[in-house]
Visitor: 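Let me give you the structure first, and then I'll get to my questions.
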Amino acid sequence: MNTSSPQHTPMTQFAVANNELLIGGIPLSRLAQRVGSTPFYAYDRQVMAQRVHGLRQHMPPDLKIHYAMKANPMPAVVQHMASIVDGFDLASAGEMKVALDTTMPPENISMAGPGKRPAELRQAIAAGITIHIESSHELETIAQLSQQTGHQAHVAVRINPAFELKASGMKMGGGSKPFGIDEELLPDALNRIKELELDFKGFHIYSGSQNLKAEAIIEAQQKSIALAMQLSKHCPNPIKKLNIGGGYGIPYFPGEARLDTQAIGDALAGPMAEFKSANPEAEIIIELGRYLVGEAGVYVCEVIDKKISRGQTYLVANGGLHHHLAASGNFGQVIRKNYPIAIGNKMHSDAQEIVNIVGPLCTPLDILADKMLLPVAEIGDLIVVYQSGAYGYTASPRDFLSQPKTEEVLV
Ligand SMILES: *Cc1c(COP(=O)(O)O)cnc(C)c1O
């Protein structure tokens, strides 16, 4: 192995005892017995709490932290998050049901996303959550539904800013986008909200996802606050909520380092205080999915065959792309890279070998590891894919090749 090539950031969120990974304090092989079958996803509630509490120490104390549910909508996870975050951001009536089943008050829940159906909007209005308006047509629909139902709609405007979030894995603002209302059209939209007598709460600016560059996030946050400041003179009433997005990333691939959240918090304090003194009723919100839950989850599958083809060793697993599209490299990656992986029941071994780990699907896309150096594994050993708590199971093509579903547990 070339020792100078970039390595994965060490995965230190779970303890190891007797050469086995512990999830929620439970040895992995015992957890597998408890679940009853492999593959499965396991999420560690303590790690989620550590991420939220760690972030609170770095961010300004009055910053609200919301959980973006699409990262992991498992009801037990959302229930757990309800007790440690300040609000939820969701993007469908299905997610809204899960959110409202928790103790989170509707005032602290918002719904974003293009293409909200009238039926969903009616449910959101009745629930009393804040709807993030994504187009002028949606604005008119909300007003009509509000009249029909007799319930005032709470709305915020999602702004598609003129700037982009630099160095982001996925850009969701700036230039021409399906998300939000273009910055230059905002004064008209705000007038219309006033005419239609909707309850205006404020603004939402979300510029992108999976960013590991603190400077890029700092720049986007400062521009978002400046933009809201500038638009506040057009608002029908004082701003109550300013959601400045998120995009905080986690390290997945060799050479990626952890995000410097302290630098972000330090840089946010000044602009945030300034905004609040000009808009005393406003709370400032960040919405994070991946950062809060991504590192708390593992995907566990089992070696069911081991073979050598023309000099290369293959571990064939009973899980893969159909449960974990992102780890296979087919969810938004341009060049496939390996997620961090371990043999969960053989965490350390003097005997190591370079292996390819593939799933059971009849397609060359079903890869979990490409030429990785790992402890020598045998049939029955447990393969652990780290960083799997976000955009895992619900972001995967579960029906592809009619394979069995997988379990999810929160420990
Ligand atoms: C997807 C999404 C998020 C969550 O993004 P993460 O990268 O998981 O933090 C937050 N807000 C909006 C509007 C989103 O679409």
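Whatever order the structure lists them in is the order used to number ligands and atoms, beginning at 1.
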Visitor: Is it true that Lys97 and Asp101 have a side-chain N and a carboxylate O under 4.0 angstrom from each other?
Guide: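 So Lys97 pairs with Asp101 through a salt bridge.
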Visitor: Just the distances, no angles: every ligand 1 N or O to protein N or O pair closer than 3.5 Å, one line each.
Guide:
| residue | atom | partner | partner atom | Å |
| --- | --- | --- | --- | --- |
| ligand 1 | 5 (O) | Tyr206 | OH | 2.9 |
| ligand 1 | 5 (O) | Tyr391 | OH | 3.4 |
| ligand 1 | 7 (O) | Ser209 | OG | 2.6 |
| ligand 1 | 8 (O) | Arg290 | N | 2.8 |
| ligand 1 | 8 (O) | Tyr391 | OH | 2.5 |
| ligand 1 | 9 (O) | Gly289 | N | 2.8 |
| ligand 1 | 11 (N) | Glu287 | OE1 | 3.3 |
| ligand 1 | 11 (N) | Glu287 | OE2 | 3.0 |
| ligand 1 | 15 (O) | Lys70 | NZ | 2.7 |

Visitor: Is Lys116 salt-bridged to Glu138, cutoff N-O under 4.0 Å?
Guide: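 The answer is yes: the pair qualifies as a salt bridge.
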Visitor: Just one of Tyr339, Tyr393, Phe331 clears the ring-ring contact (aromatic ring centres under 6.0 Å, His included) bar with His324, so which one?
Guide: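 Result for ring-ring contact (aromatic ring centres under 6.0 Å, His included) with His324: Tyr339.
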Visitor: Are Asp370 and Arg336 within salt-bridge range, i.e. N to O under 4.0 Å?
Guide: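 Here Asp370 does not pair with Arg336 in a salt bridge, since their nearest N and O are not under 4.0 Å apart.
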Visitor: Enumerate the side chain to side chain donor-acceptor pair (under 3.5 Å) contacts for residues 249-261, please, sequence neighbours excluded, ordered by first and then second residue.
Guide: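 As it turns out, the side chain to side chain donor-acceptor pair (under 3.5 Å) pairs with a partner in residues 249-261, which skip direct neighbours, are His58-Thr261, Tyr252-Arg290, Arg258-Glu295.
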Visitor: Answer yes or no: is there an ion pair linking Asp86 with Arg56, defined by an N-O contact shorter than 4.0 Å?
Guide: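 Salt bridge present between Asp86 and Arg56.
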